[in-house]
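Position 1 is the first residue of the sequence, and the numbers go up from there.
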Amino acid sequence: MIEFIDFSKKYGHDVIFSDTNLVLEGSKTYFILGRNGSGKTTLLKCLLGLENYNGTIKHPYSGQQGIFPIFDDIPLYLNLNGYDNLRMFTGKTYNKERIDTLQSLPRHLLKKKTQYYSLGEKKKLLMMVAMLKQPSCLVMDEIANGLDQESLEWLLSCIGELKKSCLIIATGHYFEFYEKILDALIVLGNKNILQFECGKESLYEIYGKYCRNDQA
């Protein structure tokens, strides 16, 4: 469980979030919806301790099996190959036999330095890290960017397996994909954070109602 208590964030005089309270429960996938500049990535960075904020964020996650983030700007060891990156990121959970069962990146690619990987290949490699680490909380920022249809189907299966014991928080613009994985919705707009359980409305409809022109 993650709790945001009286949470506020601002840059100078620019208020991003104001006195927000929010509770995220485990074994669910939350999707953060908001227009560009509404604070989606900022919210994630506050959760990860990468940004200062006011208020409290409470969660029990720490250490190797705590929160694992996958951002659009992939922080890989570019001078190392895929196998070595997996070893560096997973530590004691590195398992070469398990890697071969994930059916994601072929062996010949895992033997190449990651500086030659495409954006989609880099994201698949970090998703492999998540599958090996089995974190308690997985944060995915724009995970669907750069992935082809086959890779998206593989990603769906990974998320389905991880969600059995993991709280997942995702954000992105590929609404058709995220509608397949979300259990609950976090909507950002007009310095507020609104929380919804999934209903009959599509993400496009909710975006138009609460995010466009800051209607929240």
Side-chain angles (χ1 to χ4, degrees), residues 1-2 24-31 41 44-51 57 59-172 174 177-178 180-181 183:
M1 177 185 291
I2 298 174
L24 310 182
E25 300 174 342
S27 298
K28 282 187 176 182
T29 299
Y30 290 85
F31 181 71
T41 301
L44 297 180
K45 287 184 175 181
C46 289
L47 170 61
L48 294 167
L50 301 176
E51 292 270 2
I57 301 177
H59 61 76
Y61 312 128
S62 62
Q64 279 284 326
Q65 304 307 115
I67 302 178
F68 183 69
I70 301 178
F71 283 98
D72 206 24
D73 50 342
I74 308 296
L76 295 174
Y77 298 94
L78 299 179
N79 61 322
L80 300 179
N81 67 25
Y83 281 119
D84 289 337
N85 269 271
L86 289 171
R87 186 179 290 107
M88 292 291 290
F89 277 104
T90 59
K92 294 181 180 180
T93 59
Y94 180 82
N95 185 315
K96 196 169 186 300
E97 289 72 26
R98 170 68 169 147
I99 291 171
D100 292 336
T101 67
L102 291 177
Q103 298 180 345
S104 52
L105 296 174
R107 292 183 183 180
H108 73 85
L109 188 61
L110 289 171
K111 293 178 180 179
K112 293 178 63 175
K113 291 184 177 181
T114 57
Q115 62 182 298
Y116 302 113
Y117 282 24
S118 68
L119 176 61
E121 290 165 345
K122 290 177 180 178
K123 289 189 174 182
K124 290 181 73 173
L125 185 67
L126 279 187
M127 198 65 196
M128 291 174 68
V129 173
M131 294 296 290
L132 292 170
K133 289 174 69 71
Q134 294 288 307
S136 299
C137 178
L138 176 64
V139 172
M140 303 184 299
D141 188 21
E142 301 283 5
I143 186 65
N145 283 4
L147 297 183
D148 58 23
Q149 186 59 41
E150 184 178 353
S151 298
L152 288 173
E153 291 173 1
W154 175 81
L155 180 60
L156 282 174
S157 68
C158 291
I159 292 172
E161 180 176 338
L162 285 168
K163 193 173 70 172
K164 295 174 183 177
S165 59
C166 179
L167 191 163
I168 299 175
I169 305 171
T171 184
Y174 189 5
F177 172 79
Y178 293 107
K180 297 177 182 178
I181 67 170
D183 297 303

Review point. Residues in side-chain contact (heavy atoms from CB on, under 4.5 Å) with Leu78, at least two apart?
Key: Leu76, Thr114, Gln115, Lys122

Check your understanding: Do Phe177 and Leu156 have side chains that get closer than 4.5 Å, going by heavy atoms?
Key -> yes

Point to revise | Under the salt bridge (charged side-chain N to carboxylate O under 4.0 Å, His left out) test, residues paired with Lys28 that sit two or more places apart | key: Glu25, Glu197

Practice item. Just jot down the side-chain contact (heavy atoms from CB on, under 4.5 Å) partners of Glu97, sequence neighbours excluded, or say none. Key: Asn95

Check your understanding: Does Asn79 have any side-chain hydrogen bond (donor to acceptor under 3.5 Å, both in side chains) partners at least two apart in sequence or in another chain, and if so, which?
Key -> none

Review point. Of Thr90, Asp84, Asn85, which is the lone residue that meets side-chain hydrogen bond (donor to acceptor under 3.5 Å, both in side chains) with Arg87?
Key: Asp84

Study note, to complete from the structure: Here the gap from Leu86 atom CG to Met128 atom CE, rounded to the nearest 0.5 Å, amounts to 5.0 Å

**Study point:** Contacts of type salt bridge (charged side-chain N to carboxylate O under 4.0 Å, His left out), residue Glu51, not counting sequence neighbours
**Key:** Lys9

Practice item. Have a look at Leu110 and tell me which of Leu125, Asp100, Asn81 forms a side chain to side chain contact (heavy atoms under 4.5 Å, CB included) with it. Key: Leu125

Study note, to complete from the structure: Scanning both residues in full, the closest heavy-atom pair of Pro135 with Gly66 reads CB-O, 3.3 Å

Would you list the atom pairs, donor with acceptor, under 3.5 Å between side chains in residues 161-172 and any protein atom, with sequence neighbours excluded?
from: Glu161; atom 1: OE2; to: Arg98; atom 2: NH2; distance (Å): 3.2
from: Lys163; atom 1: NZ; to: Asp183; atom 2: OD1; distance (Å): 3.4
from: Lys163; atom 1: NZ; to: Asp183; atom 2: OD2; distance (Å): 3.2
from: Thr171; atom 1: OG1; to: Ile32; atom 2: O; distance (Å): 3.3

Exercise for review: Could I get the full list of ring-ring contact (aromatic ring centres under 6.0 Å, His included) partners for Tyr83, not counting sequence neighbours?
Suggested key: none

Revision key, fill the gap. What one should report as the nearest heavy-atom pair of Leu152 and Ala144 is CD2-CB, 3.9 Å

Point to revise | Contacts of type ring-ring contact (aromatic ring centres under 6.0 Å, His included), residue Tyr77, not counting sequence neighbours | key: Phe89

Practice item. Supply the atom-to-atom distance Thr29 OG1 to Tyr178 OH, rounded to the nearest 0.5 angstrom. Key: 11.5 Å

Practice item. Calculate, to the nearest 0.5 Å, the distance between atoms CZ and CD1 belonging to Arg107 and Ile99 respectively. Key: 10.5 Å

Point to revise | Pairs touching residues 134-144 that satisfy salt bridge (charged side-chain N to carboxylate O under 4.0 Å, His left out), sequence neighbours left out | key: none

Exercise for review: Measure the CE-CZ distance between Met140 and Phe31 for me, rounded to the nearest 0.5 Å.
Suggested key: 10.0 Å

Exercise for review: Nearest 0.5 Å please: distance from the CE atom of Met127 over to the CZ atom of Phe68.
Suggested key: 9.0 Å

**Study point:** Residues forming a side-chain contact (heavy atoms from CB on, under 4.5 Å) with Leu48, sequence neighbours excluded
**Key:** Leu50, Ile67, Pro69, Phe71

Point to revise | Straight-line distance of Ile143 CD1 to Asn145 CG, nearest 0.5 Å | key: 9.0 Å

Study note, to complete from the structure: What one should report as the nearest heavy-atom pair of Pro75 and Leu126 is CD-CD1, 4.1 Å

**Study point:** Minimum heavy-atom distance between Trp154 and Leu102, given as atom pair plus value
**Key:** NE1-O, 2.8 Å

